Amino acid sequence: MAPPRSFLWSRRVFLTLLAAFVLTPVYVMVSSSLKPLADVTGRFRWLPSRLTIRPYIDIWSTVPLAKYFVNSLIVAGAATVCSVVVAVFAAYAVSRHEFRGKRVFTVTVLSTQMLPGILFLLPLFLIYVGIGNTTGIALFGSRGGLILTYLTFSLPFSIWMLIGYFDSVPRDLDEAALVDGCGPLGALFRIVVPAAVPGIVAVAVYAFMTAWGEVLFASVMTNDTTRTLAVGLQGYSTLNDVYWNQIMAASLVVSVPVVAGFLLLQRYLVAGLTAGAVK
Amino acid sequence: MTTTALKEPVRETSPGAARAPRRRAGRIRRLSLPYLLLLPALLLELLVHLVPMAIGIVMSFKELTQFYIRDWSTAPWSGLDNYRVSVDFDAPVGKALLQSFGVTVGFTLLSVGLCWLIGTAAAVFMQDAFRGRGLLRALFLVPYALPVYAAVITWVFMFQHDNGLVNHVLHDQLHLTGEPSFWLIGDNSFYALLTVSVWKGWPFAFLIVTAGLQNIPRELYEAAALDGAGTWQQIRRITLPSLRAVNQVLVLVLFLWTFNDFNTPYVLFGKAAPEAADLISVHIYQSSFVTWNFGTGSAMSVLLLLFLLVVTGGYLLLTSRGRRTADA
């Protein structure tokens with residue numbers, strides 16, 4: 001039965017308005033990144049007076065964007081690898097074994113995931129400063145220290161999402177492997193991990209995305225040499241000028257990798273994100 | 001567990017005495033395996049969550065100002081002073097905290113409500129296939145995928161007083177306002193924050209509700225159609241009620257994320273947000289890192305933690321009881 005006209009019209013109007021709302025900032029980002037400076041400092045204009053790729057060249061010299069890029073890549077990459085590897089073992093234990101304290105563990109993981117970063121920021125900051133003063137190990141301001149703080153959010157959700165994915169791999173498969181003489185770790189790496197590869201990739205992409213966009217820890221725990229993109233983009237506003245066209249160009253450049261990754265893998269990501277909610 | 005461990009060697013003595021220790025070793029290995037697998041996660045959880053939280057609680061009882069930053073453990077005890085200052089609503093610090101808490105609650109309720117409404121409407125409208133649905137779906141996910149600072153900084157540009165799109169449209173093109181408004185300072189900042197938050201947040205609701213819709217059996221709709229229910233009636237009678245369980249989780253997650261959000265207001269307003277949009281995370285950050293009073297900041301953090309535990313616990317209790325009575 002075809003939907004009534006009232007439904008079709010409401011759908012058209014609603015989705016058009018929503019698309020405009022969603023896409024306006026994207027349009028502003030793209031179009032402003034191709035405008036000469038005079039266009040973005042004066043009254044707003046929908047269309048550039050002329051198109052220029054100058055901002056895309058200048059962004060690399062106005063601030064050391066390449067350095068921030070590398071820092072973000074290292075920090076987000078290391079936090080992702082670390083949390084996914086650790087989470088694979090933990091999620092396997094929770095998904096396939098009964099043990100004392102299992103409930104306490106899962107509840108702890110779930111609840112730390114719900115707490116704001118600001119709760120951990122203050123103590124971690126003071127711990128890092130303290131360690132630096134007593135042992136000389138500079139965690140504060142270092143990439144290693146920042147990676148550790150990123151585990152506060154990437155580890156719990158990696159564990160949580162991977163438990164869901166591992167639960168969806170039929171138990172018979174790895175039980176059969178155990179019967180055939182595989183050790184538990186053999187069963188994990190030969191059966192469970194390969195079967196859950198899409199899930200593991202999705203968790204990794206999601207962890208990377210979150211770390212790539214993190215602002216709070218990055219703005220406190222970094223210095224000139226370890227600054228990430230989240231903090232570095234603020235460098236385009238100086239006392240005299242705000243280079244809006246360059247800010248927009250840089251925003252676009254730092255967004256393309258994660259948006260592309262997200263859209264490519266969205267099917268798996270969505271499955272993981274929603275598994276917990278829908279079950 | 002202890003009794004079986006004691007019994008086993010006795011049973012094994014006579015026939016397979018040599019095999020017993022080996023089997024016991026295997027048993028111990030099997031029992032300790034989950035803990036070995038968990039060990040790295042446990043250590044890291046301890047390191048990044050539990051120890052900092054414990055230290056945070058200790059810090060909240062200390063007079064921790066900039067003089068003690070180098071070694072926080074030497075800061076003098078101050079008992080409940082930090083808490084007293086935080087909740088003394090007649091004095092400036094407590095008053096500002098109460099104001100920030102009120103703003104955060106109001107903002108969170110509005111933002112979650114709007115995200116849920118828009119996300120659900122979009123998901124329901126896109127439940128049936130139509131031309132261009134795939135493309136639209138991908139576009140709708142873009143705000144969710146963009147890094148926060150890149151997306152929010154674009155909004156900052158759009159909200160600029162002199163060269164922003166918002167004033168250009170509202171003032172220059174539609175002539176709705178007499179004067180171009182300020183969006184990032186003053187009372188308007190609340191609406192600016194709300195707009196950005198909804199823009200970023202609704203795709204998550206859309207994703208979760210879309211997944212929930214896929215679990216509704218088609219036969220329900222077919223049966224309803226046979227009974228003569230139209231599209232709107234099917235949505236009201238089948239689609240929305242079926243989403244109940246999904247919504248319970250969705251609303252809780254949206255609430256916690258929005259309530260705890262730091263990134264959006266921080267990029268939108270900088271270190272000190274305008275009073276009308278002073279969310280609790282930024283407020284605590286500002287109280288600690290800008291005015292260098294870590295003791296008070298910690299006390300505020302502990303109060304926030306307690307609030308979140310009570311709200312989450314209460315919500316879970318309520319929804320699970322609701323579900324139990326619904327099942328019975």
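None of these values were measured; they are calculated from a predicted model. Throughout, a chain's letter reflects where its sequence line sits, starting with A, and its residues are numbered from 1.
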Exercise for the section: Taking atom CZ of Arg43(A) as the centre, report whether more than 12 heavy atoms of other residues, nucleotides or ligands fall under 6.0 Å from it. Expected result: no
Closest contact, heavy atoms only, [X] versus [Y]:
X         : Y         : answer
Leu122(A) : Ser298(B) : CD1-N, 3.8 Å
Pro52(B)  : Leu124(A) : CG-CD2, 3.9 Å
His49(B)  : Pro156(A) : CE1-CG, 3.6 Å

I want to check something: taking the side chain as every heavy atom from C-beta on, are [X] and [Y] in contact at a cut-off of under 4.5 Å?
X         : Y         : result
Ile55(B)  : Phe120(A) : no
Leu115(A) : Asn260(B) : no
Tyr149(B) : Val231(A) : no

Using heavy-atom distances under 4.5 Å, tell me whether [X] contacts chain A through its side chain, its backbone, both, or neither.
X         : answer
Val282(B) : neither
Phe259(B) : neither
Leu165(B) : both
Leu243(B) : neither
Asn247(B) : neither

Exercise for the section: Please answer whether the main-chain N or O of Gly42(A) pairs with a side-chain N or O of Asp162(B) as donor and acceptor at a distance below 3.5 Å. Expected result: no
Practice task
May I ask you to decide if Val22(A)'s main-chain N or O and Trp199(B)'s side chain share a donor-acceptor pair within less than 3.5 Å?
Solution key: yes
Fill in the blank from the handout: The interface call for Ser6(A) against chain B, heavy-atom contacts under 4.5 Å, is both
Practice task
Measure Phe99(A) against the heavy atoms of chain B and call it side chain, backbone, both or neither at under 4.5 Å.
Solution key: both
Practice task
Measure up the Trp292(B) and Phe125(A) rings against each other and bin them: parallel (under 30°), tilted (30 to 60°), perpendicular (over 60°).
Solution key: tilted
Practice task
Hey, can you tell me if Phe44(A) and His168(B) have their rings parallel, tilted or perpendicular (30° and 60° cut-offs)?
Solution key: tilted
Handout entry: Selection from Val94(A), Thr210(A), Leu229(A) maximising heavy-atom pairs under 4.5 Å formed with chain B
Key = Leu229(A)
